[in-house]
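Data block below; observations after.
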Amino acid sequence: MDINSVDPSKFTYELPQEKIAKHPLDDRSASKLLYYQNKGITHHRFADITSIIPPSATLFFNDTKVIPARLIFFKETGAKIEVFLLEPKSPTSVIESAMSSTADSTWRCMIGNAKKWKVGTSLTQSISGTLDLIATRTSENEVLLSWSNGLSFSEVLKLSGKVPLPPYINREPAESDVPRYQTVYSKYDGAVAAPTAGLHFTNDILSKLEQRGALLDYLTLHVSAGTFQPMTAQKVADHPMHQEQIVVTKSNLKNLLAGGPIYAVGTTSMRTLESIYWYGVRIAEGNRDFFIEKLEPYQERRELPTMQEAVRHVLCYFEENDLESHLGHTEIFIFPGYDFKVCDGLVTNFHLPGSTLMLLVAAFVGDDWQNIYKEALTNDYRFLSYGDSSLLVRGH
């Protein structure tokens, strides 16, 4: 395909401010659910998903856990400095190791009011007399965080950080956001934004899906703040796609080969599943580096394996190296023209106009994305992270 023929400006729509959900519903499963299949659209409550998902389906959920990634510091002058954690740089770039650090940790950050904080200087946040968190700006966008009470960095953040609500929610986080901006199955610290499609699921819904015969499995993609980055490039190839850390298990691979339709719960799960396919392609070509570049799917190749063949390549690699799980990175960019290899269905919220997530949805359902979003707006759906949901099933 000619990737330069894809015009990002065509994947936008008018989103009134009043349609943006600023607060979550009290009941996760009370949100609306738009169901799209075979060009038809019907409207439901999210709890109805248990009777819509085929009993033979395998659902993949992203079990990343949102960290309190917003840190607030004040200079002696009273100037407020906000440090928004993006990704660890040292002692390691692996999130799990960085979160268990007990003395210091350097992160790439977005810095609010950065002009008032000089490189090489430090700020201190004191927490109830039990913790002094020192932030030293080591470069334009890197901050060294240090403390001396023996707590892990994960524990330090729970004491000192705030819920990283998306900028479009435009309010300070409340106590209720701590559990609500987190899925009920979140497990591994590392995301700076929630995998919001999963926010609608309750333990009861998960149980009912399993009781009906669906297979539920969990993989990990630590969501980065790049998910909110607007597209400003005139060509999709020029957009600086964000890189995210993923963890894939042997269980994931075996369940991909189970034979039923595959449903991704969220765009992050979809990006992980499709990345697994391209990792299988890499292995078949003799490249075992688990890093999927943003335009890798659009490279010219004489022949591509089936999904099952690609997954078996990855599974063989796991078995040869006695692996139960494998850490990788992906910056895969899915936009119209992408040939989906893994996913048959997608559970997802309604996304920002002109965002990379909007392009992903358009790639999955084609031009029908316009009808889907028009229906949602007409029927008073709530949009974005705390908004309502959709179940999109791709035609073959």
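In plain terms, the two heavy atoms of Ser275 and Ile246 that are nearest each other are CB-CD1, 4.3 Å. Here the closest non-hydrogen pair linking Trp147 and Leu131 is CB-CD1, 3.9 Å. Shown here for Ile127 and Gln125, the closest heavy-atom pair between the two residues is CD1-OE1, 2.6 Å. Closest approach of Gln245 and Leu327 over heavy atoms only: CG-CD1, 3.2 Å. Minimum interatomic distance between Leu377 and Pro16 (heavy atoms only, all atoms of both residues): CD2-CD, 4.2 Å. In terms of heavy atoms, Phe340 sits closest to Met270 at CE2-SD, 3.5 Å.
Note on Lys374 versus Glu14: no salt bridge recorded, every NZ/NE/NH1/NH2 to OD/OE distance being 4.0 Å or above. Checked for salt-bridge contact, Asp7 and Lys235 miss the test: no charged N lies under 4.0 Å from a carboxylate O. Here Arg137 does not pair with Glu142 in a salt bridge; the nearest charged N to carboxylate O distance is not below 4.0 Å. Using a 4.0 Å cut-off between charged nitrogen and carboxylate oxygen, Arg70 and Glu82 count as a salt-bridge pair.
In this structure, Lys65 forms no cation-pi arrangement with Tyr188, as its terminal cationic atom is not both closer than 6.0 Å to the ring centre and no more than 45° off the ring axis.
In this pair, Tyr185 and Phe201 present their aromatic rings perpendicular. The plane angle is above 60°, beyond the 30 to 60° band. Aromatic ring pairs are classed by plane angle as parallel below 30°, tilted from 30° to 60° and perpendicular above 60°; the pair Tyr279 and Tyr317 is perpendicular. Ring-plane geometry between His326 and Phe318 is classed as perpendicular, the angle between the planes exceeding 60 degrees on a 0 to 90 degree scale with a lower cut at 30.
Between the side chain of Asn252 and the main chain of Val248, no donor-acceptor pair closer than 3.5 Å is present.
Of the candidates Arg171, Lys162, Gln182, His23, Asp177 forms a side-chain hydrogen bond (donor to acceptor under 3.5 Å, both in side chains) with just one, namely Arg171.
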